[in-house]
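Report on one structure; see the data block that follows.
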Amino acid sequence: MAFLLHNHNSFSSTKLLCDMTILTMMKGFDMAKSDISLQIGQRWAIALKKRFPERNTVKLVAKSFDIEVRTARSWLDGQAPLCKHLFVAGQKFGTGILFELFSPNKKIGKLEDNLLNLEKKIYQLGQELRAIRERGNL
């Protein structure tokens, strides 16, 4: 997974490295490429819906990933993302989302998500505390 989060200067090297990483992760699976894409697409849709539970999910996903609304809609319908979007997801949501896609039965994905949620909560609490101190309402 660390390979997916490493920042490369050119898209082609990122794609190649990502493809190699995915193939390494999928080693031992005896499936057709279309079956793998289908499973990844379905897991991607589930992961996005979990992270964007709002009413206008399609628009929020599109804005968050800087993509067309129709692409966001196809993702939510089960279309697998491109490697560059997996990179963005890893940066935005942590590696937990990547483990959900590639190793959905592993505890580590859930633990990564829990850690990310705790870090967000700590940040929010810190912001609230700073605002209270600035107002002098202690």
Side-chain angles (χ1 to χ4, degrees):
M1 285 302 177
F3 295 121
L4 290 173
L5 299 178
H6 188 271
N7 189 7
H8 294 278
N9 291 332
S10 71
F11 173 71
S12 60
S13 63
T14 302
K15 181 174 178 4
L16 176 63
L17 187 56
C18 184
D19 289 347
M20 289 176 14
T21 302
I22 290 170
L23 288 175
T24 301
M25 294 174 76
M26 300 306 282
K27 200 173 193 176
F29 286 95
D30 189 22
M31 322 180 170
K33 185 177 177 182
S34 61
D35 291 340
I36 293 169
S37 292
L38 179 64
Q39 286 188 11
I40 301 261
Q42 290 169 345
R43 293 177 192 154
W44 179 243
I46 291 167
L48 289 175
K49 289 172 185 174
K50 184 166 86 173
R51 285 162 180 82
F52 295 94
E54 299 85 0
R55 286 180 74 170
N56 48 354
T57 300
V58 173
K59 289 181 182 177
L60 291 172
V61 169
K63 184 176 180 179
S64 182
F65 285 90
D66 193 27
I67 57 171
E68 296 290 326
V69 171
R70 67 177 181 251
T71 302
R73 189 172 294 115
S74 72
W75 286 356
L76 294 166
D77 289 339
Q79 176 68 42
L82 296 175
C83 185
K84 65 183 179 181
H85 298 117
L86 294 176
F87 176 83
V88 172
Q91 294 296 311
K92 287 183 178 286
F93 303 112
T95 56
I97 191 168
L98 302 176
F99 280 104
E100 284 179 51
L101 298 177
F102 299 112
S103 301
N105 298 327
K106 304 271 183 173
K107 280 186 171 181
I108 197 161
K110 187 158 182 73
L111 292 174
E112 286 280 348
D113 273 350
N114 290 340
L115 179 61
L116 182 62
N117 289 334
L118 286 173
E119 288 170 346
K120 285 180 183 177
K121 186 65 177 172
I122 289 169
Y123 176 78
Q124 290 170 347
L125 290 171
Q127 293 291 81
E128 290 176 27
L129 183 59
R130 276 187 284 286
I132 290 170
R133 285 183 176 151
E134 287 175 3
R135 289 192 307 257
N137 295 348
L138 280 179

- request: Report yes if the side chains of E119 and I122 come closer than 4.5 Å at any heavy-atom pair, otherwise no.
  value: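 In short, these two side chains do not touch, never coming nearer than 4.5 Å.
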
Flag side-chain contact, heavy atom, 4.5 Å: F65 against T71: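 Not in contact.
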
Shared hydrophobic cluster for I46 and I40 (ILVMFWY, side-chain gaps under 4.5 Å):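 In one cluster with I46: I40, no.
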
task: State yes or no: do L86 and L76 share one hydrophobic cluster built from I, L, V, M, F, W and Y residues joined by side-chain heavy-atom distances below 4.5 Å, directly or via other members?
output: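 Yes: a chain of side-chain contacts under 4.5 Å links L86 to L76.
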
Grab the two heavy atoms, one from [X] and one from [Y], that are nearest each other, plus how far apart they are.
X: E54; Y: L60; answer: OE1-CD1, 3.5 Å
X: V61; Y: A72; answer: CG1-CB, 3.8 Å
X: G78; Y: A45; answer: N-CB, 4.0 Å
X: K50; Y: E100; answer: NZ-OE2, 3.2 Å

message: Whether the Y123 and Q127 side chains hold a donor-acceptor pair (N or O, under 3.5 Å, no angle test) is what I'd like checked.
response: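 Yes, because at least one side-chain N or O of Y123 sits under 3.5 Å from a partner of the opposite role on Q127.
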
- prompt: By side chain to side chain contact (heavy atoms under 4.5 Å, CB included), which residues pair with K92, not counting sequence neighbours?
  reply: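 Only S64, V88 meet the side chain to side chain contact (heavy atoms under 4.5 Å, CB included) criterion with K92.
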
- prompt: Quick check: are there more than 12 heavy atoms from other residues, nucleotides or ligands sitting under 6.0 Å from CG of D66?
  reply: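 Counting neighbours around CG of D66, 12 or fewer heavy atoms of other residues, nucleotides or ligands fall under 6.0 Å, so no.
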
field: Approximate separation, where rounding is to 0.5 Å, of Q42 CD and Q79 CD
entry: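 Output value for this atom pair is 11.5 Å.
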
- prompt: Roughly how far, to the nearest 0.5 Å, is the CG atom of L118 from the NZ atom of K120?
  reply: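 Between atom NZ of K120 and atom CG of L118 there are 11.5 Å.
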
- request: Please find out if less than 6.0 Å separates the ring center of H85 from that of W44.
  value: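 So the answer is no for these two rings.
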
message: The criterion is ring pair (Phe, Tyr, Trp, His ring centres under 6.0 Å); which residues satisfy it with F52, sequence neighbours excluded?
response: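 Counting only residues at least two positions away or on another chain, F52 forms a ring pair (Phe, Tyr, Trp, His ring centres under 6.0 Å) with F93.
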
